[in-house]
Amino acid sequence: MSRPGNPAVRLLAARSLRAHRKAWAAVFAAVAVTTALLGALALALGSTGLGHARVERYAAAPVVVAGDQEVRRTATPWGGEPTTETAGLTERVRIPEAAVAVLRAVPGVREAVPDDTFVVRDGDGGAGSAGAATRAYTGRSWEAARLAPYRLTDGREPRSAGEAVVGAGLGAAVGDTVAGRRIVGVAEGPAALYVTAGEARRLAGHPGAVDAVGVLAEPGVPVDALHARVRAALDAAGLKDTAAGQPLRALTGNGRGGVEHLGAPPARTELLQLLAAVSGTLVLVAVLVLASLVAQALQQRAAERELLLSVGATPRQVRGAAGREVARVAGAAALLGALASVPAFLALWSALRARTGVVPEGLELPTPPWLFAAVLVVAALVVGITRLVVLFAARRPGRAGKGGARRVAGLVLLALGAGSAGTAALQGGDAAAAAAGAATVTLVAGCALLGPWIARAATTVLDRPFRWFGGAPGRLTAAGAAAHSRRLGAALVPVVLVTSFAVVQLSAGATMERAAAAQARAATTADLAFSGTTAERVRELPGVEAATDVLRSTVVLARTEAGTPRLDRLPVLGVDAEGLAGTLDPGVVAGDLAGLAAAGTVAVGADTAESLEVGPGSTVELRLGDGTPKRLRVVAVYERSLALGEFLLPKGELAPHMSDPYPARVLAAGPTGSAPVAPEAVTLPGAELNGIVSGGIVAAIGGLTVLSVLSTLALIGAGRRGELGLLRQVGASAGQLRRMLGLEAGFLTATGLLVGLVVGALPLTAFAWALTGGLPYLPPAQAGAIAGVVLVTVVAGVFGPSRATLRR
């Protein structure tokens, strides 16, 4: 039997590739763009996976002892092995001050330096200036400066509570006054205010505990040996952190950076999860696009394959030739896409770094040279996908089936998609979003398999209108649609894909933003808002009837779903119960917010309360921002959780567990006629970073789907030039053919938009109902843009390949 690598197969592949260069151009473009997008995402995933918090303040300390900034939960899934889920903590986990003496006694330790980081302010604003924002400075003890080390460049060290040294980044000079302290020295390093050790302990406000301890080694002591000795000393002493009672951590290398920049490790984890989820979506879209294009390219040459079989070629030779042909096209395209993925990735990373505050402070995203080899792996993966498609598209050349298995598979996928949408309607939060996303992908895949039957049904509905009102072009359109339903189905798939993808991505975000904004407007009833001060001082202003501090932090909610551990890090607000009247209205549906005046209480959002099956009088277990476990009594359930978060806590309950317990905002009920206050709403840490990355990648995937529409239609158009030429020869005018093509473009646009809208609307409605209790929303401008892009792309794809034929 002839092997695929024999001379006959090579000859067939080479001749066919030269004869069908224009047909393969569409596949070439899709493979190149797919590889470029997947390559850029692979580089982003690799860079994020290698990411770490930058080491600055502890650069001279080979070992840093600190609290565990992660919370863990272990559970055993149904029928599986025990798994552990982790979540980062955004507030400082402090350690007992006794650790300093233990570390100083470790052999090889030259010095153990306690370190506290706190905020020093110019003043709290006073009653007369409650609305004026104060300036905040990072404060530390001067002895901790040697952990970097930051050396004096001018002046001397502080010796009393009224003196301070400033970091060079602050821009102050010796003799200046900053935050009520006389500057006696300037040191290297970033903007910071260094005070005496005693003053630092007072300002830190947590006697008996420190943020971290930097360990300086004796000359010649290796880092590994020092770390082992420190670890053994801590274990022998049995010291635990002051929050959750977890063992202290001894950190070396890049791990020290997480002690400085608390927000960097959680942001890295969230960005990694986001990129992984988007990569999965892109792979599914790419498989659909490439499968449709390659299958269409091979299907158009069915007669050629029949001829080869009739003159003695074996089915294996035909399949081997098709596989070699596709591999050559995909290989060159994948290599080009791999090269293009590098500048695409660099542009994305540069854009992120250029946006101040988007990437959390201290998060390093390295790109070592060896990382760029990942694009070659991606290129090989894409070539493998296209080669795999050939095995299915050309597995039985010469034998046209009725498509029974394909129809059954499509109907099963539609049923599964509808089931996922129903699941989304019964879930909440991330679970609803995940179920809605799965429903969208499943429904699109089902429509891809059922494309010919969907096209046949649509042509059945439009057959008479085409014949009655379209004249000769209408009759030609109806006849062509009836004879080539498989071809129309292949053209419909990318139109449905781009429509449903765009509708879901744009509408999901717009629905959430609209609902959250409406809730925030209804919840913020304050007449006045202040920053840089406290509610205690605001209440002293004339005309102020009530005021509440608003503290922002996070909590971790642990739960188990189907035996799988789950940790959700959620934003929360800390408020004054007595100051809520006239300032903040969460929309209570059960209980009374006055109960928040007592310690150990919490108010819960309605969706979370329903999922946890709790109500007033029940208890909820949470981990506060520093990991401290709390069992809180529910005093109220409220409905405006999209704006205010899932939990409201008393300020006194939240503040002791915050790195900086200063109010983010003060809301006050003041004289009537005051200017409207901007709505109060919460956002997850890193939301802006995720939004920018998601927006860029969604735009890229949208571009890929638009390209798939254009490529598929161009491929179909290239294969029907003989058909159009024959129509010209039998008497059809160029104008009639243009009107026929126009009717086909209108048919594809209308049918694709309708089916895509239905496919997207089903999971969207379930998602919106689960999270907002209403229907999905898509801004009219965005809906018009989707329809316009689809129409222009379809018209270009239908008319572009036919211009030369119509001119002749």
Inset, instruction - Identify which one of His52, His261, Arg54 satisfies the side-chain hydrogen bond (donor to acceptor under 3.5 Å, both in side chains) criterion when paired with Glu364. - result: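 Exactly one option meets the side-chain hydrogen bond (donor to acceptor under 3.5 Å, both in side chains) with Glu364, and it is Arg54.
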
Any side-chain donor near an acceptor of the partner, [X] and [Y], under 3.5 Å:
| X | Y | value |
| --- | --- | --- |
| Ser47 | Trp349 | yes |
| His227 | Thr252 | no |
| Thr560 | Arg73 | yes |
| Ser553 | Glu91 | yes |

Output yes when a side-chain donor or acceptor of [X] lies under 3.5 Å from a complementary backbone atom of [Y], and no otherwise.
| X | Y | result |
| --- | --- | --- |
| Ser500 | Leu497 | yes |
| Thr554 | Gly625 | no |
| Arg268 | Gly49 | yes |
| Glu188 | Arg151 | yes |
| Arg256 | Gly253 | yes |
| Asp68 | Gln246 | no |

Determine the minimum heavy-atom distance between [X] and [Y], stating which atoms define it.
| X | Y | result |
| --- | --- | --- |
| Lys240 | Pro247 | NZ-CG, 3.7 Å |
| Leu573 | Arg552 | CD2-CG, 4.0 Å |
| Val504 | Gly760 | CG2-CA, 3.7 Å |
| Ala112 | Val213 | CB-CG1, 3.8 Å |
| Ala200 | Val195 | N-CG2, 3.7 Å |
| Val375 | Gly39 | CG1-O, 4.1 Å |

With a 4.5 Å limit on heavy-atom distance, are the side chains of [X] and [Y] in contact?
| X | Y | result |
| --- | --- | --- |
| Glu260 | Val55 | yes |
| Ile95 | Leu248 | yes |
| Thr117 | Thr138 | yes |
| Leu43 | Phe372 | yes |
| Ser341 | Leu38 | no |
| Val119 | Tyr662 | no |
| Glu143 | Pro114 | yes |
| Val109 | Leu216 | no |

Inset, instruction - Given side-chain contact (heavy atoms from CB on, under 4.5 Å), test Val113 with Arg146 step by step and report yes or no. - result: CA-CA 9 Å; Val113 182; Arg146 53 182 157 160; 3.9 Å; yes

Spatial distance of atom [atom1] ([X]) from atom [atom2] ([Y]) [nearest 0.5 Å]:
| X | Y | atom1 | atom2 | value |
| --- | --- | --- | --- | --- |
| Asp626 | Gln69 | CG | CD | 8.5 Å |
| Glu85 | Arg72 | CD | CZ | 11.5 Å |
| Leu622 | Leu649 | CG | CG | 7.0 Å |
| Leu89 | Leu624 | CG | CG | 10.0 Å |
| Arg121 | Leu203 | CZ | CG | 11.5 Å |
| Thr242 | His657 | OG1 | NE2 | 9.5 Å |

Legend entry - side-chain contact (heavy atoms from CB on, under 4.5 Å) evaluation trace for Leu262 with Ser659: CA-CA 10 Å; Leu262 298 183; Ser659 301; 4.0 Å; yes

Inset, instruction - Could you tell me how the ring of Tyr150 sits relative to the ring of Tyr194: parallel (under 30°), tilted (30 to 60°) or perpendicular (over 60°)? - result: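 Answer is tilted, since the angle falls between 30° and 60°.
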
Inset, instruction - Take Thr511 and Leu778 through the test side-chain contact (heavy atoms from CB on, under 4.5 Å) and record every step on the way to the result. - result: CA-CA 7 Å; Thr511 300; Leu778 182 63; over 6 Å; no

Legend entry - Residue pair Val498, Ile786: steps toward the side-chain contact (heavy atoms from CB on, under 4.5 Å) verdict: CA-CA 9 Å; Val498 68; Ile786 294 173; over 6 Å; no

Legend entry - Derivation of the salt bridge (Lys or Arg N to Asp or Glu O under 4.0 Å) call for Arg140 and Asp115: CA-CA 7 Å; Arg140 297 178 71 201; Asp115 185 27; 3.1 Å; yes

Legend entry - Test: Arg559 and Asp568 ion pair at under 4.0 Å: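 Yes, this pair counts.
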
